[in-house]
Amino acid sequence: MTTTNHPHAASARAATPSAPFGTDVTWTNWGGNQSATPAFTVRPRTEQEALDAVRFAIREGLPVRAVGSGHSSSPLVQTGGVLMDMSALSAITGTDLIGRRARALAGTTISAFGDPLWEQGLALGNQGDIDKQQIAGALSTSTHGSGKNLGSFSSALRWVRLINGYGEIVEIGEGQLRELRAAQVALGTLGIFLEIELAVEDRYYLQEEITYPTWAETAATWQADIDANRHYSFLWCPDNDSCELLDLPGSPGQSMANRSYTKRYNIAQVQDEREISGTEGARLDRSYRIYPGGFTTPFHELEYFVPSEHGLEAVEAVQDLIRTKHSDQKYPVEVRWVKADEGYMSQFQGRDTTVITLTTEPETDYWPFFRDADAVLQEFEPRAHWGKIHFMTRSRLERLYPELDTFIQIRREFDPRGMFLNDHTRALVG
């Protein structure tokens, strides 16, 4: 862990942060199910202003949490102290074509990586359905796409500069694997991320193929589809109108009930960009233009992760739950795959994973459905997406995360006073 020294002039104790701020401003997330009214909402424009804000919080004894684009459905952001809005710290700060690396400020959105990396001959190795999240938030919650040989965003983290609980800027790189594996999925509890470095790939084009098989057909080709495609995922539809709830086109002329909206993305060779096609269901384009699509209307989600070998059985258990007890649930069930990694708090730590995502409508009581889904999936030892609604407890973490104690020890080394914790994260890793 390398410390960067910043002079801090002795002065009279400030009553307010030096960066632009608001007081008692209520924050609400994208889905509308989480809110908080921090004492100070600070919007640093520079690294120094972010550092000053954390030092202000230390002096005043106020807890600190960072906020990104607000796409988390879980209570990760809530604080009554200092909320750090990092959106102004946004830029691609460097690329390395030979080493296939890219650096960016913490507030840079996933969508902002596309053009600058492409111009340098590079691209992100994978993305999810939505590209509006800030990269620090995507890393902190292990946001992901789909592909059995592809990891999450967090697995690509190779270096980070952050402000720790001592009010210092520190760097963690590949020479500090113990700390890096904690930083890869840290839930914002190690400190405030300032700048990150990701492993990226040579730029590539993707060919899209959208199909609408019945559930019987989906199940029959389950493993073949996983193995044969760089990116494979599907959304099982319990109702004919399920697709449109997520802004996705259904199958023309066929009922979508008990069908899958299936996505296959594979690398294509493009010699001339005049070959690019926007044909719905068969697009051909730069990778970062293919990944995002639909999912523009706010919603609430629970997302659980089971070992890949139990994926089909787990999906069918959820289907049975919807058919028998929660037939009012019409949103599709999304299913994806992610490769194992080594992040201590990663949902993919040590196991290749099938991802099962359940979605509900805003301003509805989603608790009964989500609680029943949680119960049904317990036999598969599920982990949960940290940025989605979940029922994880400290005792569950102790059973499911073999490196939990290591992570907690490192968290305390970076933040011994727990100033980057809130009630939600304190219960899990405090």
Roughly how far, to the nearest 0.5 Å, is the [atom2] atom of [Y] from the [atom1] atom of [X]?
X    : Y    : atom1 : atom2 : answer
S146 : K263 : OG    : NZ    : 8.5 Å
L177 : I172 : CG    : CD1   : 11.0 Å
R101 : E197 : CZ    : CD    : 6.0 Å
E334 : I356 : CD    : CD1   : 11.5 Å
L284 : L206 : CG    : CG    : 8.5 Å
L76  : N422 : CG    : CG    : 7.0 Å

Establish, from distance only, whether the side-chain atoms of [X] and [Y] form a donor-acceptor pair under 3.5 Å.
X    : Y    : value
T109 : S111 : yes
S395 : T393 : yes
S69  : Q133 : no
T218 : S260 : yes
Q48  : D52  : yes
D320 : T324 : no

Plane angle bin for [Y] and [X] - parallel if under 30°, tilted between 30 and 60°, otherwise perpendicular:
X    : Y    : value
H390 : H424 : tilted
F370 : Y366 : tilted
Y291 : H231 : perpendicular
W236 : W215 : perpendicular

Charged N to carboxylate O below 4.0 Å: is that the case for [X] and [Y]?
X    : Y    : result
R230 : E201 : yes
E403 : R181 : no
R351 : E381 : no
D423 : R426 : yes
R336 : D129 : yes

Are the side chain of [X] and the backbone N or O of [Y] linked by a donor-acceptor pair below 3.5 Å?
X    : Y    : answer
T93  : R103 : yes
T37  : D24  : no
T141 : W386 : no
N229 : Y232 : no
T46  : E49  : yes

Over all heavy atoms of both residues, which pair between [X] and [Y] is shortest? Give the atoms and the distance, please.
X    : Y    : result
G165 : D415 : CA-OD1, 3.8 Å
L105 : I135 : O-CG2, 3.7 Å
T108 : F113 : CG2-CE1, 3.8 Å

Determine whether [X] and [Y] make a side-chain contact, defined as any pair of heavy atoms from C-beta on separated by less than 4.5 Å.
X    : Y    : answer
E119 : T95  : no
D352 : W337 : no
L312 : T354 : no
T41  : W27  : no
R396 : Y401 : no
F369 : D328 : no
V64  : T79  : no
L404 : R394 : yes

- Query: With a cut-off of 6.0 Å (strictly less than), are more than 12 heavy atoms of other residues, nucleotides or ligands near CD of E309?
  - Reply: yes
- Query: Cation over ring, R411 on Y344, under 6.0 Å and within 45°?
  - Reply: no
- Item | K339 and F348: CA distance, side-chain angles, deciding distance, side chain to side chain contact (heavy atoms under 4.5 Å, CB included) verdict | CA-CA 7 Å; K339 183 181 178 180; F348 316 107; over 6 Å; no
- Message: Using the rule side chain to side chain donor-acceptor pair (under 3.5 Å), only one of S346, S142, S154 pairs with D341; which is it?
- Response: S346
- Should Q134 and S87 be marked as a side chain to side chain contact (heavy atoms under 4.5 Å, CB included) after you check the CA-CA gap, both sets of side-chain angles, and the distance that decides it? CA-CA 8 Å; Q134 291 179 18; S87 56; 3.4 Å; yes
- Message: The test is side chain to side chain contact (heavy atoms under 4.5 Å, CB included); show your working for Q347 and E303 and say whether it passes.
- Response: CA-CA 10 Å; Q347 303 93 300; E303 185 167 292; 5.9 Å; no
- Query: Are the aromatic ring centres of F40 and F56 under 6.0 angstrom apart?
  - Reply: yes
- Please lay out, stage by stage, how L246 and Y331 fare under the test side chain to side chain contact (heavy atoms under 4.5 Å, CB included). CA-CA 8 Å; L246 291 177; Y331 275 82; 3.9 Å; yes
